[in-house]
Novice: 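This is the structure I want to talk about, given as C-alpha cells.
Within every chain, numbering begins at 1; the chains are lettered A, B, ... in the order of the sequence lines, protein sequences first and strands thereafter.
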Amino acid sequence: MVDQTGIMTMAETGSWVWTTLATAAGGTMLDGFKQFVNEWSVPQISLPLFFMPIFVLSIVLYRKWTKPIWFWPGLIVFTIVYFGFIFLDPSYAAILKKPDNVPISMMIYGTVFCLWMALRQAAKNDHSLETGQPLVEEGREDKVLCWPDLVYEELIAMVLCTALLIVWSVFLKAPLEAPANPAGPPNPSKAPWYFLGLQELLVYFDPWMAGVVLPGLIIVGLGALPFIDVNPKGNGYYTYKERKFAIWTFMFGFVILWVVLIVFGTFLRGPNWNFFGPFQPWDPHRVDKLTNINLSEIVYVQTLHRPMPESRLVREAPGLLFAAFWLFALPPLLAQIWPLFKRLRYQMGFARYYLMSFLFVVMMLVPVKMAARWLFNLKYIIAIPEINFNL
Amino acid sequence: MFQVISTYIRESQLWNSFFRHGPPRDRRTRVMVVMSNLFLHLHPVAVRRSGIRLSFTWCMGGLTFFLFIAETISGVLLMFYYRPVVEYAYSDIVQMRSALTLGIMREIHRWGAHAMIISIWLHMMRVFLTGSYKPPREFNWVVGVLLLVLTLLMSFTGYLLPWDQLAIWAITVGSKMAEATPFMGMNGPGRELLQLPGGIPLVTANSDAKFLLLAGASVGAPALLRFYVLHCIAIPLAVSVLIAVHFWRIRKDGGISGPM
Ligand code: HEM
C-alpha cells in the first residue's frame with residue numbers, strides 16, 4: 001500500500017539521495033551548470049541556439065531519432081533531467097510544482113510524444129513510398145465493425161482519461177488565491193497559460209499586434225489552410241516528404257511560436273515580466289534597463305548622424321518603406337527568386353498565392369522583429385505614438 | 001436458477017422496450033446495436049481498420065469530446081453552489097472547497113478544462129499531420145477552427161468565475177488587448193478616425209471593444225455576470241451545435257480519412 005505519506009517519504013528519500021550524490025560529485029560543478037543554464041536560457045540565446053536547432057533537427061533527422069531505440073532512451077533521459085532538478089533546485093521546483101503549471105508539463109510531453117508518433121509513421125510511409133510498398137494506413141476496403149472494435153477502444157480511452165483526471169484532482173487541489181482586489185495587481189500579472197505565447201509577444205509588439213492582429217490572423221490562417229494548401233498528396237496518411245513546406249510552416253508556428261513561447265511565458269517570466277532562468281529565484285526588485293531605440297533613430301541619428309526630422313512622415317519613412325516592402329513587395333519578389341515560391345505561385349494561382357504569402361510574411365515578421373530586437377535593440381519599426389500606431 | 005431469471009428478464013416487456021435485439025454476439029446483432037442506439041449511431045456501422053488505430057488518431061478528438069462532457073457534468077454540479085455576484089462568488093468557492101459533498105468536483109472541472117485545451121491542440125496537430133483537412137474535409141476543418149476558438153473562450157470566461165486575484169488579473173491582462181483593437185479600441189491605432197462631426201470621439205472607454213467584452217471599462221460585477229452567462233450557457237450551446245455538425249460531417253465526408 002502506497003498512501004500519500006508513502007509517496008512523500010519516497011520523494012524525500014529520493015531527494016536526499018540526489019543531494020548527497022550531487023554534493024559528492026561536487027556542488028560547485030552543479031552551481032556552475034545552473035549558472036550556465038540561467039545565463040543561456042534568455043530568449044535571444046536559447047531560441048536561436050537551442051530550441052530552433054532542436055526543432056530543425058527533429059524534422060530533418062525524422063527518420064533517425066524516431067526509431068524506438070533512440071526515442072525511448074532519449075525520453076527517459078529527458079524525464080530524469082526534467083524532473084530530477086526538482087530535487088536539486090528550489091526555484092525550479094517552485095516553477096514545476098505550481099499547480100497551474102502542471103498543464104505546461106503535460107503540453108510539453110504531449111507535443112513531444114505526438115510529434116514522435118507522427119514523424120515515426122511519416123518515416124515509415126516515406127520509406128514505403130520510395131520503395132513502392134503499401135502505406136501504414138493502406139487498405140481502403142479493410143473494414144471492421146464499429147461494435148466491438150471502435151466502441152471498446154473509446155471505452156478504454158475514456159476509462160484511462162477518467163483515471164488520470166481523478167488522480168490529478170486528488171493530488172492537486174485547484175488553486176484559489178486571495179479575494180479579487182481591483183486595486184492591487186499581483187506582480188507578474190499573467191493571462192491564462194494558453195494565451196501566454198501572445199503575452200510573451202508583447203515584449204516585441206504593441207498590444208494591437210500581439211493581442212488583436214496576430215491572433216486574428218492565426219484564426220484566419222488556420223481557417224484558410226485547406227483552401228491554400230492545394231497539394232493533393234499526403235491526404236489521409238502521415239508523410240513528410242510529400243508536403244515539406246506545409247509541415248515546416250505549420251510546425252514552426254505551432255512548436256516554436258506557440259508552445260515554446262508559452263513555456264517562456266509561464267516558466268521563465270517573473271515580476272515585471274523580467275526574464276528569469278529556470279534556477280533563478282524571482283526577485284521582484286530587479287530592474288532591467290530598457291535601452292531600445294526606434295528604427296528612425298537608428299537610421300537618422302546613428303547612421304546618418306543628423307537630427308531627427310521634424311515631419312512625421314519623413315521621420316517614419318524608413319519604417320513605412322520597410323513595412324510596405326515586407327508586406328507588398330516581398331510576396332511577388334519571393335515568387336520571382338525563391339524556386340519553391342516560384343513553383344507555389346504557379347501551382348496555386350493568383351489569389352491563393354497572395355493570401356498564403358501574405359500570411360507567411362506576417363508570421364515571419366515575428367521572428368524578424370525578435371531578431372532585430374536582440375541584435376540592434378530595435379524598439380519599433382514604425383513609431384507614430386500620436387495615433388497609437390507602433391509596429 | 002440464473003437461467004430462469006435471466007430468461008424472465010429478457011422476455012419482459014420492460015427489457016424489450018429498451019433493447020430491440022439480442023446481445024451483440026454475431027455480425028447481425030453487432031450492426032443492430034450501433035443502428036438502434038442514438039449515441040452509438042454517431043458512428044458508422046463499419047470503419048476502416050487503419051483509421052481507428054490508436055497511432056493514427058491518438059483518440060484526441062474523442063478525448064476532447066469526452067472531456068467536454070466531463071466538463072458539462074462537473075460544471076452543472078458546481079453551478080448549484082455558485083452565485084455569479086461579486087459579494088458571493090469568492091466565498092461560494094471557498095465553501096465549495098470545504099464542502100465534502102462536492103469532493104474533487106472543482107478540481108475535475110479545472111484540470112479537465114486544461115486537459116481539454118491540450119487535447120484539442122493535439123487533435124488539430126494530428127489532423128494537420130495526416131493531411132485530413134484536404135478535400136473533401138475542408139469544411140470540417142473550418143468547423144474545427146471555430147470549435148478551437150470557442151473552446152479557448154470557454155476556458156477564458158471560466159477563469160474569471162472564482163473571483164480571486166488570479167482570476168481578475170488574468171482577465172484584466174487578457175481583455176486589455178481588446179482596448180488596442182485597431183479602430184475599435186480606445187487605445188487602438190486609428191480610433192481617431194471614428195469621430196462625429198465636431199470632433200466628438202465615437203470610440204471611448206465606454207463604447208469600445210473592451211467595453212463590449214467586459215460590460216464596463218474594467219473587470220467588475222457586470223463582467224462577472226457576462227462571463228458567467230457566456231461560460232455556462234452561450235458558448236457551451238454553440239460548442240454543442242458545432243460538435244454535432246463536426247461529427248455529422250465526419251461521416252458525410254466518408255469517415256476517418258485514409259489514403260485514396
Ligand atoms: C471541441 C472540439 C473538437 C471535438 C470534440 C472534435 C472531435 C473529433 C472527433 C471525435 C473526430 C474523429 C477522429 C479523431 O478522433 O481524430 C474528429 C475528426 C476531425 N476533426 Fe475534430 N474535434 C474538435 C476540434 C477540432 C479542431 C480544432 C479541428 C481543426 C482545426 C478539427 C478538425 C477535424 C477534422 C478535419 C476531422 C476529420 C479527420 C479525419 O477524417 O481524419 N476538429 N474531430
Side-chain angles (χ1 to χ4, degrees), chain A residues 103 106-107 110 114 117-118 121 135 137-140 142-147 149-151 153-154 157-158 161 165 168-170 173-181 185-186 189-192 194-195 199 207-208 211-212 219 222-223 225-227 234-238 243 250 254 387-389, chain B residues 24 30 33-34 43-50 52 55 58-59 62-63 66 90 93 104 106-108 110-112 114 117-118 122 125 128-134 138 141-142 145 149 152 156 159 162-166 168-170 173-174 176-177 180-182 187-189 192 257-259:
Chain A
M106 296 186 39
M107 173 186 69
C114 288
M117 279 200 292
Q121 293 173 81
L135 299 173
E137 294 88 354
E138 210 64 67
R140 192 140 195 84
D142 184 11
K143 292 202 168 179
V144 290
L145 285 185
C146 169
W147 184 294
D149 286 65
L150 178 55
V151 177
E153 201 175 81
E154 287 171 348
M158 249 156 67
C161 179
L165 206 54
W168 188 0
S169 303
V170 166
K173 212 155 168 59
L176 186 68
E177 296 188 354
N181 171 10
S189 291
K190 293 188 177 184
Y194 34 85
F195 290 148
Q199 199 176 349
W208 69 276
V212 185
I219 298 169
L222 282 176
L225 175 65
F227 307 99
N235 183 346
Y237 53 95
Y238 289 102
R243 36 198 297 254
F250 185 92
F254 182 61
I387 57 163
N388 291 315
F389 185 79
Chain B
R30 282 175 174 172
V33 129
V34 175
H43 304 97
V45 166
V47 283
R48 296 187 48 228
R49 191 189 295 280
S50 79
I52 64 164
S55 55
W58 315 336
C59 210
L63 283 182
F66 174 66
Y90 183 78
I93 302 273
I104 56 171
R106 176 161 179 254
E107 278 71 21
I108 297 265
R110 190 179 186 98
W111 304 139
H114 290 334
I117 290 188
I118 297 172
L122 295 179
M125 183 171 133
F128 173 79
L129 286 171
T130 54
S132 304
Y133 57 86
K134 299 189 175 191
E138 309 99 307
W141 168 271
V142 177
V145 174
V149 173
L152 288 173
F156 184 68
Y159 218 82
W163 204 247
D164 62 346
Q165 281 289 74
L166 195 64
I168 68 157
W169 289 103
V173 170
K176 240 198 156 55
M177 304 292 160
T181 315
N187 288 326
E192 290 81 359
S257 60

Novice: Let me know if B:L166 has heavy atoms under 4.5 Å from chain A in its side chain, its backbone, both or neither.
Specialist: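 Both backbone and side chain.
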Novice: Counting heavy-atom pairs under 4.5 Å with chain B, which one of A:F195, A:F254, A:F389, A:F250 comes out on top?
Specialist: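 Option with the greatest count: A:F250.
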Novice: Can B:F128 and A:L225 be said to form a side-chain contact (heavy atoms from CB on, under 4.5 Å), step by step?
Specialist: CA-CA 10 Å; B:F128 173 79; A:L225 175 65; 3.7 Å; yes
Novice: Checking B:L129 against chain A: side chain, backbone, both or neither under 4.5 Å from a heavy atom?
Specialist: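 Contact with chain A is through both the backbone and side chain of B:L129.
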Novice: Relative to chain A, which of B:I108, B:N187, B:I93, B:V145 shows the most heavy atom pairs under 4.5 Å?
Specialist: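 Highest number of pairs under 4.5 Å: B:I108.
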Novice: Excluding sequence neighbours, so at least two apart, what forms side-chain contact (heavy atoms from CB on, under 4.5 Å) with B:F66?
Specialist: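 Once residues adjacent in sequence are excluded, the partners of B:F66 under the side-chain contact (heavy atoms from CB on, under 4.5 Å) criterion are A:M158, A:C161, A:T162.
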Novice: Can you tell me which of B:W111, B:Y133, B:Y90 forms the most heavy-atom pairs within a distance under 4.5 Å of chain A?
Specialist: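 Sorted descending by pairs with chain A, the first entry is B:W111.
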Novice: Looking at every non-hydrogen atom in both residues, tell me the closest pair between B:H114 and A:P103 and how far apart they are.
Specialist: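 Looking at all heavy atoms of both residues, the shortest contact is CD2-CG, 3.3 Å.
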Novice: With respect to chain B, which residue among A:L176, A:L222, A:I387 yields the maximal number of heavy-atom pairs within a distance under 4.5 Å?
Specialist: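 Result: the option with the highest number of such pairs is A:L176.
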Novice: For A:E154, what residues pass the side chain to side chain donor-acceptor pair (under 3.5 Å) criterion, not counting sequence neighbours?
Specialist: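 Residues passing side chain to side chain donor-acceptor pair (under 3.5 Å) with A:E154: B:H43.
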Novice: Select one option (side chain, backbone, both, neither) describing which atoms of A:V151 are under 4.5 Å from chain B's heavy atoms.
Specialist: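 When you check distances to chain B, only side chain atoms of A:V151 fall under 4.5 Å.
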Novice: Which heavy atom of B:S257 sits nearest to which heavy atom of A:G236, and what is that distance?
Specialist: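 Result for this residue pair: OG-CA, 3.7 Å.
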Novice: Of all the heavy-atom pairs spanning B:A180 and A:W208, show the shortest one and how long it is.
Specialist: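 Shortest heavy-atom contact: O-CB, 2.9 Å.
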Novice: Against chain B, label A:Y237 side chain, backbone, both or neither, depending on which of its atoms sit under 4.5 Å from a heavy atom there.
Specialist: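 Answer is both: backbone and side chain atoms of A:Y237 are under 4.5 Å from chain B.
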Novice: Could you report the tightest heavy-atom contact between B:P189 and A:N388, atom names first, then the distance?
Specialist: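 Of all heavy-atom pairs spanning B:P189 and A:N388, the closest is CB-O, 3.4 Å.
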Novice: Any idea how A:Y194 and B:Y159 line up, ring-wise: parallel (<30°), tilted (30 to 60°), or perpendicular (>60°)?
Specialist: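 Ring orientation, 0 to 90° scale: perpendicular.
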Novice: Quick check on B:V33 against chain A: is it the side chain, the backbone, both or neither that has a heavy atom closer than 4.5 Å?
Specialist: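 Interface part for B:V33: side chain.
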Novice: Under a 4.5 Å heavy-atom cut-off, does chain A meet the side chain of B:I168, its backbone, both or neither?
Specialist: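 Only the side chain of B:I168 comes within 4.5 Å of chain A.
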Novice: Which atoms of A:Y238 are under 4.5 Å from chain B, going by heavy atoms: the side chain, the backbone, both sets, or neither?
Specialist: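 Contact with chain B involves both backbone and side-chain atoms of A:Y238.
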Novice: Against chain A, work out which of B:Q165, B:M125, B:M177 has the most heavy-atom pairs shorter than 4.5 Å and name it.
Specialist: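 Top count of heavy-atom pairs under 4.5 Å with chain A: B:Q165.
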Novice: Most heavy-atom pairs under 4.5 angstrom with chain B, which of A:N235, A:V212, A:N181?
Specialist: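 Top count of heavy-atom pairs under 4.5 Å with chain B: A:N235.
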Novice: For B:R30, which atoms come within 4.5 Å of any heavy atom of chain A: side chain, backbone, both, or neither?
Specialist: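 Both parts, heavy atoms under 4.5 Å.
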Novice: Heavy-atom pairs under 4.5 Å with chain B are the metric here; pick the option from A:A174, A:A191, A:A118, A:A157 that has the most.
Specialist: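 Highest number of heavy-atom pairs under 4.5 Å: A:A174.
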Novice: Tell me, for A:L145 versus chain B, whether the close heavy atoms (under 4.5 Å) come from the side chain, the backbone, both or neither.
Specialist: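 For A:L145, heavy atoms of backbone and side chain both lie under 4.5 Å from chain B.
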Novice: Can you say whether A:K190 sits under 4.5 Å from chain B via the side chain, the backbone, both, or neither, judging by heavy atoms?
Specialist: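 The backbone, not the side chain.
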Novice: Find the one option among B:R106, B:R110, B:K134 whose heavy-atom pairs under 4.5 Å with chain A are most numerous.
Specialist: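 Heavy-atom pair counts peak at B:K134.
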Novice: Counting heavy-atom pairs closer than 4.5 Å to chain A, which one of B:V142, B:I117, B:V149 comes out on top?
Specialist: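 With the most close heavy-atom pairs to chain A, the winner is B:I117.
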Novice: Among the options A:P207, A:G223, A:P185, pick out the one with the most heavy-atom pairs lying under 4.5 Å from chain B.
Specialist: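 With the most close heavy-atom pairs to chain B, the winner is A:P185.
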